[in-house]
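Contents: one structure, followed by commentary.
Keep in mind it's a predicted model, so treat the numbers as computed, not measured.
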Amino acid sequence: MPSAVNLLKRLLLGRPLRSDRVAETLLPKRLALPIFASDALSSVTYATQEILLILSIGGIALLHLTPWVALAVVVLLAVVVASYRQVVHAYPSGGGSYEVVVRNLGRDPSLVVAAALMVDYVMTVAVSVAAGVDNVVSAVPQLYPHRVWLAVGVLVLLMAMNLRGARESGRAFAVPTYLFVVALGLTIVVGLVQLAAGNPPVAESAGWTIRPEEVDITGVAFVFLLLRAFASGCTALTGVEAISNGVPAFQRPKAANAGRTLVIMGILAIFLFSGVTALSMIAQVRVAEDPCDLIGFPTDCHSTGQRTVIAQVAAAVFGSGSVLFYVVQAGAALILLLAANTAFNGFPTLASLLAQRRYLPRQLHTRGDRLAHSNGIVLLGLVAIALIAAFEGSVTALIQLYIIGVFTSFTLSQIGMVKHWNTALADADPAERHRIHGNRLINAVGAVLTATVLVVVLATKFTHGAYLVVIAIPVLFALMRGIHRYYGDVRRELEPEPGDVALPSRVHSVVLVSTLHKPTLRALAFARANRPDTLTALTVNVDEVDTEVLRREWDRQGIETPLKVVESPYREITRPVIDYIKRIRRAGPRDLVCVYIPEYVAGRWWENLLHNQSSLRLTWRLRFEPGVLVVSVPWQLDSSHRRQVDRADRAPGHARRGITPPD
């Protein structure tokens with residue numbers, strides 16, 4: 001029978017898929033849109049709010065600047081979408097910004113992009129889940145003390161869904177994503193119709209005022225605050241690059257489908273962000289980083305959070321407590337909780353590319369039972385859980401770490417695309433040159449704008465927590481360089497040379513003995529079958545009585561192999577054995593020593609606790625001795641027989657290795 005662990009794994013993840021079924025996991029546009037666009041679309045729920053939060057530092061006096069800040073964000077979003085559409089068609093193999101930079105700017109800039117993207121993916125998961133939980137807690141305040149555990153639970157669920165495979169997770173994400181788009185789009189349309197009819201929506205906070213943190217903001221301080229609001233509003237651009245990273249996941253024609261999906265995502269994001277911003281100004285929404293700064297706040301500001309901008313807009317349009325209000329809230333909460341799925345698709349793909357090129361551990365390139373990059377999914381989930389726990393699920397704290405990674409990759413990617421088009425011009429015919437010039441202009445404008453925004457973000461967010469990302473990206477860069485150097489050193493060390501493999505002068509077999517029983521006799525038989533030059537049975541004297549009993553039994557059985565006893569006054573086993581092996585090696589440096597270790601194989605976990613595990617420690621230590629070969633001689637106890645056959649038939653790696661269980 002399968003083990004409890006395998007039963008749970010099959011229940012959560014489903015049955016393993018054969019490697020030749022990878023094409024079945026490819027995504028049509030209707031499923032690719034909710035998978036890859038959920039992050040970009042979900043940022044609409046907090047991008048406007050982030051602009052208002054920063055401008056509210058000056059009270060309500062600066063809120064009239066919100067539309068102008070939002071307009072700058074919209075222009076930037078349109079340029080970035082157009083730029084990444086070029087990336088999708090130029091590099092349909094996936095990898096997005098990383099692939100562009102590695103091919104055009106070289107290794108080091110590509111590793112900077114890779115590090116920035118990995119940081120961004122982690123922050124996408126942490127911020128999206130934390131913001132989603134905040135929306136849930138806003139509807140059910142009793143859950144506030146448990147918000148961190150709620151976020152962790154959601155992350156575990158997301159990991160399980162993505163481990164099942166992209167197609168199945170796409171179906172799960174399609175409904176809430178489309179629900180959010182339709183519900184919020186209806187809110188915007190109805191709100192504008194109400195405005196045209198002379199009955200504009202009014203937010204519950206319209207009559208409140210905001211206690212300013214700074215008074216008489218003018219000159220440089222005013223410009224800095226405006227730039228900081230713009231930088232916070234640029235959270236609306238997070239996730240735009242996800243489609244360019246995941247082009248291989250699309251159905252054929254991959255590049256065309258990915259490009260169309262990217263355009264649809266951009267149009268929806270611009271419409272929703274512009275609509276929410278417009279309605280928040282029409283309804284006179286008021287928010288502050290600290291609810292206690294809201295003068296007129298009706299409840300205890302220390303124990304009750306303020307409603308999100310989305311919630312206030314929906315309440316103003318449909319009425320607080322109405323069915324459509326709850327539909328909007330449900331859509332916003334779900335897409336925020338599920339937006340992390342974009343990173344769960346992008347991060348493992350990028351990590352797989354880096355692992356394939358030896359910049360990350362090779363395990364991240366392996367596909368799991370469901371043909372997903374399981375190790376990358378689990379790694380991303382665990383790091384995001386650690387971040388949420390460290391920052392206690394605070395969106396305000398986590399959001400400060402956002403954006404830098406996004407715009408670092410944006411900028412280097414667009415610079416790389418400019419170089420790509422310069423190279424293409426050299427071999428282009430006259431008919432193609434006009435098109436290439438247009439494409440290059442789009443990417444050049446994108447590079448200038450994103451570089452400018454990156455400087456702004458660094459300047460305005462550095463002291464508010466962004467310095468952690470500034471530290472993390474170089475650390476990841478150095479780590480990837482180190483991993484690549486290690487793999488290179490290992491490859492050079494293992495490179496075969498003519499005459500490099502020489503036969504040993506002699507072979508010495510040493511069988512470790514603790515008790516004379518069937519496993520010991522089997523190990524002696526195996527060692528003798530290999531016809532070594534010398535064969536020795538070795539025991540360590542840790543107890544005089546037990547050693548004497550072993551000697552007498554050895555002689556009584558008439559075993560021809562001599563029994564060598566080494567003393568251990570401090571009752572150690574490993575050190576005396578190692579010292580004995582080293583003496584053999586010193587006597588013959590070109591000799592080979594084969595150490596045979598009899599071992600029990602138990603079928604139940606608790607049985608292993610009842611047996612001495614000294615053989616594992618000894619095996620591990622002997623592996624570091626040159627010229628020593630360790631041979632494990634297993635003896636399967638009765639409890640292991642049925643379990644061993646069961647595992648052989650249902651080994652989870654069969655799908656990866658192409659092994660078919662016997663009939």
Side-chain angles (χ1 to χ4, degrees), residues 3 5-6 8-19 21-22 25-26 35-36 93-96 98-99 111 114-126 129 152 154-170 242 245-246 248-249 340-389 405 472 475-477 479-484 486-487 490 647 650-659:
S3 67
V5 174
N6 279 334
L8 180 62
K9 185 177 180 182
R10 296 284 76 81
L11 178 64
L12 293 176
L13 307 184
R15 297 178 63 82
L17 296 177
R18 290 171 55 89
S19 297
R21 292 183 61 188
V22 67
T25 66
L26 299 180
I35 283 183
F36 291 106
S93 59
Y98 171 75
E99 193 71 13
L111 293 184
L117 283 173
M118 285 191 287
V119 169
D120 177 53
Y121 283 135
V122 172
M123 295 312 305
T124 295
V125 174
V129 171
V152 171
V154 169
L155 274 169
V156 172
L157 180 61
L158 285 172
M159 288 168 59
M161 292 176 68
N162 280 277
L163 288 171
R164 291 187 70 92
R167 176 178 287 269
E168 293 189 41
S169 64
N245 293 331
N341 183 68
T342 301
F344 274 110
N345 281 276
F347 180 92
T349 302
L350 176 62
S352 175
L353 272 175
L354 291 168
Q356 187 178 19
R357 296 172 181 179
R358 305 298 197 274
Y359 289 109
L360 287 178
R362 290 286 293 169
Q363 295 90 326
L364 293 173
H365 182 57
T366 305
R367 290 185 182 269
D369 290 352
R370 302 289 295 179
L371 300 178
H373 295 294
S374 306
N375 293 330
I377 291 170
V378 172
L379 175 63
L380 175 61
L382 293 178
V383 175
I385 287 173
L387 268 177
I388 285 178
V475 168
L476 282 173
F477 173 84
L479 180 64
M480 287 187 286
R481 286 287 302 269
I483 291 173
H484 188 72
Y486 169 78
Y487 279 131
V490 170
R647 282 182 171 177
R650 297 175 176 83
H654 283 180
R656 290 188 293 277
R657 297 190 297 268
I659 300 173

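In this structure, Arg358 and Ile483 have side chains that are not in contact, with every pair of non-hydrogen atoms separated by 4.5 Å or more. Between Arg357 and Met480, the closest side-chain pair of non-hydrogen atoms is not below 4.5 Å. In this structure, the side chains of Met123 and Leu387 come closer than 4.5 Å at one or more pairs of heavy atoms.
Across all non-hydrogen atoms, the minimal contact from Ala116 to Gly405 is CB-O, 3.5 Å. Residues Gly381 and Leu155 share a closest heavy-atom pair of O-CD1, 4.5 Å. Residues Pro348 and Gly376 approach most closely at CG-C, 4.1 Å, considering heavy atoms. Minimum heavy-atom separation, Val125 to Ala384: CG1-CB, 3.4 Å. Shortest non-hydrogen contact noted between Phe477 and Ala115 is N-CB, 4.1 Å. The minimum heavy-atom distance between Ala355 and Pro361, with the atom names listed, is CB-O, 3.3 Å.
A distance of 10.0 Å separates CD of Glu99 from CG of Leu350, quoted to the nearest 0.5 Å. Residue Ser352 holds its OG atom at 12.0 Å from CD of Gln363, rounded to the nearest 0.5 Å. Here the CG-CG distance, from Leu364 to Leu379, works out to 6.0 Å after rounding to the nearest 0.5 Å.
Looking at Val383, Leu380, Leu360 one by one, the single match for side-chain contact (heavy atoms from CB on, under 4.5 Å) with Met118 turns out to be Leu360.
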Under the side-chain contact (heavy atoms from CB on, under 4.5 Å) rule, what do Leu111 and Leu476 come out as? Steps first, then yes or no, please. CA-CA 9 Å; Leu111 293 184; Leu476 282 173; over 6 Å; no
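Here the side chain of Thr124 pairs a donor or acceptor atom with the backbone of Asp120 at under 3.5 angstrom.
Between Phe347 and Tyr121, the two ring planes are perpendicular [angle over 60°; tilted spans 30° to 60°].
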